[in-house]
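Data first, discussion second: the structure below is written as structure tokens.
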There are 2 protein chains.
Amino acid sequence: MSTKQQEKDFLAHYNVHDHDIPLSCVDVVIFTIIKDQLNVLITQREDFPFKGNWAIPGGFIDINQDKDIEQTAQRKLKEKTGYDAPYLEQLGATGNNTRDPRGWSLTVTYFALVNADNVVFGKDSCWCELNDGGIIQEKLAFDHALLIKDAFQRLKNKTQYTTIALHVLPPKFTLSELQKCYETILGGKLNKSGFRRRIIKSNVIEEIKGESKQTATRMAQLYRKSDDELHFYLREIYPTFS
Amino acid sequence: MSTKQQEKDFLAHYNVHDHDIPLSCVDVVIFTIIKDQLNVLITQREDFPFKGNWAIPGGFIDINQDKDIEQTAQRKLKEKTGYDAPYLEQLGATGNNTRDPRGWSLTVTYFALVNADNVVFGKDSCWCELNDGGIIQEKLAFDHALLIKDAFQRLKNKTQYTTIALHVLPPKFTLSELQKCYETILGGKLNKSGFRRRIIKSNVIEEIKGESKQTATRMAQLYRKSDDELHFYLREIYPTFS
DNA sequence: ATTAATAGTGTACTAAATGCACTATTAATT
DNA sequence: AATTAATAGTGCATTTAGTACACTATTAAT
């Protein structure tokens, strides 16, 4: 029998369930900024284990419905937020024999950045504020508190050298609003003129000619994103905490 | 019946195999530098599918043997290289319904950096040079060519703002050798005095007092790592390609 | 009209790169 | 023995992109 035929036979009789294998899930940490505070979307679990507890959106990969893991993440996000095209990035995989009482479990975590105005909640979901350490007050299911902490760290890091914070803003925004987002994520103050020079030079936003917005004191120029791609800076920016 | 008892019952009767779930593997891209060329470790597959083809080391998570995915990666690395404490970092997860003929498959890819002198090959393994694009000449099993390409990109990026390249060197090395590693990975030339200032200032290496090495022309000071942790620079270094 | 607050700009200073020229050492060549 | 070639190692001028801080502009509230 040819090798090719042998391989065909092998595949014909292959059965995933002949082996002990881990559970595989996808979880999504969804960030937004509300009233100058970083928030994470949490949702109440409908089923065991941890029924009734708060958790981040996620669940099993549905191999009949999802063609890849990114699609699983998109699906979860859409279910909980109605949101279609957010910033979505894979954080990494966590897999061990302790995180899930059902057994050896592997999860791929994604993190998303959304503008809160565009979110339509599914039932049993809400925003939850992050404190300084990135840890949520509520008791969360599984290792979700840790996943959030890691996602928050990644978000902070990327905020220092990319234009990622643009993705929490509505379509039109002022430079001060953008700076405030950076400061909220980083937990410190940025220098105004330096920040503006940096953002303008990176070419990721453009003035909306003739449109401005009344702030508490005076008019401010409105801007829009000119590109949805992240811009990577060669240097990090860092806030002062004084 | 209490919720707690219900949960207990649920878990007692839970069976992973009641659902259609993906295969879960871990793959490892192992880099080294040999004669100023970046190499990747490949190994010949013993079983179907792709029996006899070249692939990067990897395989199923063994939920009875591995307590977490990092351990799976370490195990694979040890099997193929005899190597114990290399630089090992998770690259990310790839999961879809096309990468494995056995069905929906999820793999967590790690990449490792080793010093070639310390490697003891398992059978059926060898080093394979990367060309400019990072693509290997051989036809590789699964999507392994893509995994290597992504790992190579990550390695290049990290070389621009961390001290990662230290991990391909033997315990004692000269600054020129270190610079050459950086240049090999980046595919360009670095400025000598700038490179030295940067490395020295980062405090990750130290002179071995009184030890030097004869190079092609003259003696060169030997250094050792003073820390196995990566140092992250605030600015990227970038090579010239002239 | 004055004040307070935020929008927005200008400029000096600084850190850490690049670019390039220079000196030092040693094997190989003559 | 002197010269050459090649790489080790240093020094300094320039450039880039930050920080720090002071200044002007605009508008609501007093």
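To find a chain, count down the sequence lines: A is the first, B the second, and so on, and within it residues start at 1. It should be emphasised that the depicted structure is a prediction, and the values quoted were computed from it without experimental measurement. Only this structure's heavy atoms are used, side chains among them; waters, hydrogens and symmetry mates stay out.
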Is the shortest distance from a Lys or Arg side-chain nitrogen in B:Asp150 or B:Lys156 to a carboxylate oxygen in the other one below 4.0 Å?
->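 Not counted as a salt bridge, because no side-chain N and carboxylate O are separated by less than 4.0 Å.
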Could you tell me whether B:Glu89 and B:Lys158 have a side-chain N and a carboxylate O separated by less than 4.0 Å?
->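 Result for this pair is yes, salt bridge flagged.
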Side chain of A:Gln214 - closest among C:dG8, D:dT27, D:dT10 =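 Ranking C:dG8, D:dT27, D:dT10 by closest atom to the A:Gln214 side chain puts D:dT27 first.
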Picking from D:dT27, C:dT26, D:dG9, which would you name as closest to the side chain of B:Met219?
-> C:dT26
Take nucleotides 12-25 of chain D nucleotide by nucleotide from the 5' end and write B, S or -, depending on whether a protein heavy atom sits under 4.0 Å from the base, only from the sugar-phosphate, or from neither.
-> B---BBBBBB---B
Decide yes or no on salt bridge (charged side-chain N to carboxylate O under 4.0 Å, His left out) for B:Glu177 and B:Lys213, but give the supporting numbers first.
-> CA-CA 11 Å; B:Glu177 285 165 353; B:Lys213 174 180 176 178; 2.3 Å; yes
What is the distance from [atom1] of [X] to [atom2] of [N], rounded to the nearest Å?
X: B:Gln221; N: C:dT26; atom1: CD; atom2: P; value: 13 Å
X: A:Lys180; N: C:dA7; atom1: NZ; atom2: P; value: 11 Å
X: B:Glu177; N: D:dG9; atom1: CD; atom2: C1'; value: 15 Å
X: A:Ile205; N: C:dG8; atom1: CD1; atom2: P; value: 11 Å
X: B:Glu183; N: C:dT18; atom1: CD; atom2: P; value: 11 Å
X: B:Arg196; N: C:dC20; atom1: CZ; atom2: P; value: 18 Å

Test: A:Arg198 cationic atom under 6.0 Å from A:Tyr233 six-membered ring centre, within 45° of axis | yes
Do the numbers put A:Arg224 on top of the ring of A:Phe173, so that NZ or CZ is under 6.0 Å from the six-membered ring centre and no more than 45° off the axis?
->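 No; the conditions do not both hold, so A:Arg224 does not lie above the ring face of A:Phe173.
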Verify the distance criterion only: is there a donor paired with an acceptor across the side chains of B:Thr43 and B:Asp124 at less than 3.5 Å?
-> no
Say whether A:Arg196 and A:Ser176, considering side chains only, have a donor N or O and an acceptor N or O under 3.5 Å apart.
->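 Indeed, the side chains of A:Arg196 and A:Ser176 share at least one donor-acceptor pair under 3.5 Å.
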So A:Lys80 and A:Asp27, salt bridge (charged side-chain N to carboxylate O under 4.0 Å, His left out) or not? Walk me through it.
-> CA-CA 12 Å; A:Lys80 300 298 179 188; A:Asp27 292 306; over 6 Å; no
Within the side chain of [X], is there an N or O that forms a donor-acceptor pair under 3.5 Å with the backbone of [Y]?
X: B:Tyr110; Y: B:Gln74; answer: no
X: A:Gln90; Y: B:Ala93; answer: yes
X: A:Asp68; Y: A:Gln71; answer: yes

With DNA chain C as reference, determine whether B:Thr217 or A:Ala216 sits nearer its 5' end, using the nearest nucleotide of each.
->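 Upstream on the strand: A:Ala216.
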Residue-phosphate contact under 4.0 Å: A:Ser176 side-chain N/O, C:dA7 OP1/OP2 |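 It does, given that an N or O in the side chain of A:Ser176 lies less than 4.0 Å from OP1 or OP2 of C:dA7.
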Contact list for DNA chain D against residues 158-172 of chain A - heavy-atom distance below 4.0 Å | none
Intra- and inter-strand pairing of DNA chain D, written as dot-bracket with Watson-Crick and G-U pairs under 3.5 Å and | for the latter, reads ||||||||||||||||||||||||||||||
